[in-house]
S.K.: 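Let me give you the structure first, and then I'll get to my questions.
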Amino acid sequence: MSFIPVEEQLAIIRRGVEKIVPENELATKLAKSRETNTPLRVKYGIDPTGIDVHLGHTVPLRKIRQFQELGHQAVIIIGNYTALVGDPSGRDQARAKRLTAEEVEANAVDYLNQVGKVIDLSKAEVHRNGDWFGLMSFSEILQLCGKVTIAQLLTRDDFAKRMTAETPIFLHECLYPIMQAWDSVVIKSDIELGGTEQLYSFMLARDLQADQKLPQQIGVMSPILVGLDGVRRMGKSLGNYIGISETPYDMMKKFMQVPDTVMRMYFELLTDISLTEIDALLAGHPKVAKISLGKMVIGQYHSLSDAEAAANRWQMEVGEGALPTEIPIVKVSSSKLTDGAIQAARLLVDAGLCPTTSDARRAIAQGGAYYGDAKTRIETHDQALSIVGGLLLFVGKKKFCRIEIGD
RNA sequence: GGGGGAAUUCCAGAGUGGCCAAAUGGGCCAGACUGUAAAUCUGGUGGCUCUGCCUUCGCAGGUUCGAAUCCUGCUUCCCCCA
């Protein structure tokens, strides 16, 4: 395997990367790797705490794939032990729930399946950090802890914030960055990928590597991908994410909801097109650009034709107000009908479109409820609706169903 | 071990005896506008057999004609000192 020139590698690596520390060492490492024909070991750690891999995760994962394509060695760390602590990064509270070892392992397997959609797992090394942490004796742990001072830990941004805010920091959380850094020592990483919030751990890893007389890793940090709200980071708990296992159409709908302002970031971090092409797209109509964005990303996880179809369907159903192609059918018992009809508010609840009668009344009172293929507005909550073969019901733009009579 | 503070409707956060289903902001929902973006405007945001009724302000009791507000006990959480 021969490597392409350092400058070319750098250009690829720098794309969509917020910070490389220390920047100047990267070229040196790449040059040395090229001279000696030795792939760099590129580390990425994930804690198997959840199961849905979303686009936010794919940012560093895509970067790994780029490294793989450049001929370097991907090293994935499954943080089955760090997961027992919970990453304190970006959290102002300690994680409420602690996972059991079994849950963590099940998640890990699931995670790898999904990660395999982005990177080439057949060429990657996969380690579980429990493989080494599980074997450590208490005295070894003490020795490890002896390398870091509390003052150093407190310089970490999120700990500092929590100190100021007078929220608790638990002792085991302090171990998190140390564990993460130790992973780098064990697997002898040359480069570690992650979000910008990982800076502290990345630097700590350098210290520990130096302490062990190992070459020091370089941190390559991606910006945090913001979620659908365009403000907060994409995350499961915030419900503002696009999962890579979602259907093409669901993904498309979500892409179209994204604020215009984040399109550039999405293009840069989630697609491979050149910066010039991005500028060209953004110069055109934002809606067109957004559709292209959606298609490009969806195409990475589904077929291009599926992506195309999803875009067309969106245009039809949302852009042109056509009836949805997939309408869930809800059966309503005939025993609830009086002369083949039923009160509107009650029907909305029975159909599952509204959680409570009060909610249904509200929807109707505000003109957000419709019925029939022509989407006639329901006027009053006690309006009697005759149920004939497959009556359509809508509440707002997003909730709808077709009613069938059943017993 | 000692001292102090706090628990309110999705979140933050007012409310210290009746005018409280509970201010305000955020979020969310619906409507208008639109490119189902943003911005803006309007309305809504405990439940119900809905001009009224019922259940809510950590839990359990109590005082009062009347309690989110007062008292007692309990639980949980935070901070400080050691």
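Order of the sequence lines sets the chain letters (A, B, ...), proteins ahead of strands, with each chain counted from 1.
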S.K.: For B:C53, which nucleotide in any strand shown is its Watson-Crick or wobble partner with both distances under 3.5 Å?
M.R.: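 Per the H-bond distance test, B:G47.
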S.K.: More 5' along RNA chain B: A:Arg361 or A:Met256, using each one's nearest nucleotide?
M.R.: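 Per heavy-atom nearest nucleotide, the more 5' residue is A:Met256.
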S.K.: Which one is paired to B:A32, where only Watson-Crick or G-U wobble pairs with both distances under 3.5 angstrom count?
M.R.: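 Result: B:U40.
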S.K.: Given atom CD of A:Gln315 and atom P of B:U34, what is their separation to the nearest angstrom?
M.R.: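 After rounding, the gap between these two atoms is 16 Å.
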S.K.: In whole Å, what is the span from the CG atom of A:Leu281 to the P atom of B:A37?
M.R.: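 Distance check: A:Leu281 CG to B:A37 P gives 20 Å.
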S.K.: Atom CZ of A:Phe267 and atom C1' of B:A37: how far apart are they, to the nearest Å?
M.R.: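 The distance from CZ of A:Phe267 to C1' of B:A37 comes to 14 Å, rounded to the nearest Å.
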S.K.: Taking for each residue the nucleotide of RNA chain B bearing the nearest heavy atom, is the 5' side occupied by A:Trp314 or by A:Asp359?
M.R.: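 Result of the comparison: A:Trp314.
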S.K.: Using the C1' atom as the reference point in each nucleotide, state the distance between B:U69 and B:A7 in Å, no decimals.
M.R.: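 The answer is 14 Å between these two C1' atoms.
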S.K.: Closest to the A:Lys398 side chain: B:G47, B:C29, B:G35?
M.R.: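 Shortest atom-to-atom distance from the side chain points to B:C29.
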S.K.: Which whole number of Å gives the distance between the P atom of B:C57 and that of B:G52?
M.R.: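 One P to the other, the span is 24 Å.
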S.K.: Can you figure out which of B:G35, B:G31, B:G47 approaches the side chain of A:Lys290 most closely?
M.R.: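 My answer, after comparing the listed nucleotides, is B:G35.
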S.K.: Considering only atom C1', compute the distance from B:G5 to B:U9 and round it to an integer number of Å.
M.R.: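 Between the two C1' atoms, the distance is 23 Å.
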S.K.: Please determine, for the side chain of A:Arg346, which listed nucleotide (B:C29, B:G35, B:U49) has the closest atom?
M.R.: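 Among the listed nucleotides, the one closest to the side chain of A:Arg346 is B:U49.
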S.K.: Could you give the CZ-to-P distance, from A:Phe394 to B:C29, as a whole number of Å?
M.R.: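 That distance rounds to 19 Å.
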S.K.: For A:Ile187, which of A:Glu125, A:Glu192, A:Gln217, A:His127 qualifies under side-chain contact (heavy atoms from CB on, under 4.5 Å)?
M.R.: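 Filter result, single survivor: A:His127.
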S.K.: Is atom NZ of A:Lys117 surrounded by more than 12 heavy atoms (other residues, nucleotides or ligands) closer than 6.0 Å?
M.R.: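 Yes, because the 6.0 Å sphere around NZ of A:Lys117 holds more than 12 heavy atoms from other groups.
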S.K.: Under 4.0 Å, counting only non-hydrogen atoms across every strand here, what does A:Phe255 touch: a base, just sugar-phosphate, or nothing?
M.R.: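 The answer is nothing, as A:Phe255 stays clear of every strand by at least 4.0 Å.
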S.K.: Among B:A30, B:G35, B:U49, which nucleotide has an atom closest to any side-chain atom of A:Thr357?
M.R.: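 In terms of side-chain proximity for A:Thr357, the closest of B:A30, B:G35, B:U49 is B:U49.
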S.K.: Nearest whole Å is fine: how far is B:C48 P from A:Leu348 CG?
M.R.: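 Checked: the CG to P distance equals 13 Å.
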S.K.: Please confirm whether the shortest side-chain N or O distance from A:Tyr370 to OP1 or OP2 of B:G31 is below 4.0 Å.
M.R.: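 For B:G31, OP1/OP2 do have a side-chain N/O of A:Tyr370 under 4.0 Å.
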S.K.: Between B:G31 and B:U24, how far apart are the two C1' atoms, rounded to whole Å?
M.R.: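 Straight-line distance between the two C1' atoms is 24 Å.
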S.K.: Report the distance from atom CG of A:Asn240 to atom P of B:C11, rounded to the nearest whole Å.
M.R.: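 One finds 18 Å between P of B:C11 and CG of A:Asn240, rounded.
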S.K.: Could you check which of B:G47, B:G31, B:G35 has an atom nearest any side-chain atom of A:Lys397?
M.R.: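 Of B:G47, B:G31, B:G35, B:G31 is nearest to the side chain of A:Lys397.
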S.K.: Any strand is fair game: report the nucleotide pairing with B:U16 by Watson-Crick or G-U wobble, both distances under 3.5 Å, or none.
M.R.: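 Result: none.
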S.K.: Using the P atom in both, what is the distance from B:G58 to B:G13, to the nearest Å?
M.R.: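 About 15 Å, rounded to a whole number of Å.
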S.K.: Looking at A:Met221 and A:Phe202, what are the two nearest heavy atoms and their distance?
M.R.: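 Heavy atoms of A:Met221 and A:Phe202 come nearest at CG-CE2, 3.7 Å.
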S.K.: Does the distance from a Lys or Arg side-chain N to an Asp or Glu carboxylate O, for A:Arg264 and A:Asp279, drop under 4.0 Å?
M.R.: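 Judged by the 4.0 Å cut-off on N to carboxylate O distance, A:Arg264 and A:Asp279 do form a salt bridge.
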S.K.: Rounding to an integer number of angstrom, what distance separates B:A14 and B:G25 when you compare their C1' atoms?
M.R.: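 Comparing C1' positions in B:A14 and B:G25 gives a spacing of 11 Å.
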S.K.: How many whole angstroms separate atom CD of A:Glu379 from atom P of B:G31?
M.R.: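 About 14 Å, once rounded to whole Å.
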S.K.: Across the strands shown, which category fits A:Ser358 at heavy-atom distances under 4.0 angstrom: base, sugar-phosphate, nothing?
M.R.: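 Answer is base: heavy atoms of A:Ser358 come under 4.0 Å of a base.
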S.K.: Take the protein atom CD1 of A:Ile378 and the nucleotide atom P of B:G31, then report the distance between them rounded to whole Å.
M.R.: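 My rounded result for the distance is 12 Å.
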S.K.: Counting only heavy atoms not in A:Lys375 (residues, nucleotides, ligands), do more than 12 fall under 6.0 Å from its NZ?
M.R.: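 Yes, NZ of A:Lys375 has more than 12 neighbouring heavy atoms, counting only those of other groups under 6.0 Å.
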S.K.: With both distances kept under 3.5 Å, what pairs with B:G58, Watson-Crick or G-U wobble?
M.R.: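 Per the H-bond distance test, B:C74.
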S.K.: Looking at A:Arg15 and A:Glu268, does any basic side-chain N land under 4.0 Å from a carboxylate oxygen?
M.R.: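 Salt bridge absent between A:Arg15 and A:Glu268.
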S.K.: Taking atom P in both B:G2 and B:U55, compute the distance separating them and give it to the nearest angstrom.
M.R.: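 Each nucleotide's P atom is 42 Å from the other's.
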S.K.: May I ask you to test the A:Lys188-A:Gln212 pair for a side-chain heavy-atom distance under 4.5 Å?
M.R.: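 No, their side chains stay 4.5 Å or more apart.
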S.K.: Should the side chain of A:Asp229 and the base of B:G27 be counted as holding a donor-acceptor pair, with the cut-off at 3.5 Å?
M.R.: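 No.
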S.K.: With a 3.5 Å cut-off and heavy atoms only, can you find an N or O donor on one side and an acceptor on the other between the side chain of A:Gln366 and the base of B:G43?
M.R.: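 In this structure, the two groups form a donor-acceptor pair.
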S.K.: Please measure how far the C1' atom in B:A30 lies from the corresponding atom in B:C74, and state the result in whole Å.
M.R.: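 That atom pair is separated by 44 Å.
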S.K.: Within the 4.0 Å heavy-atom criterion, would you say A:Pro259 contacts the bases, only the backbone, or no part of the nucleic acid?
M.R.: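 Answer is sugar-phosphate: A:Pro259 comes under 4.0 Å of backbone atoms only.
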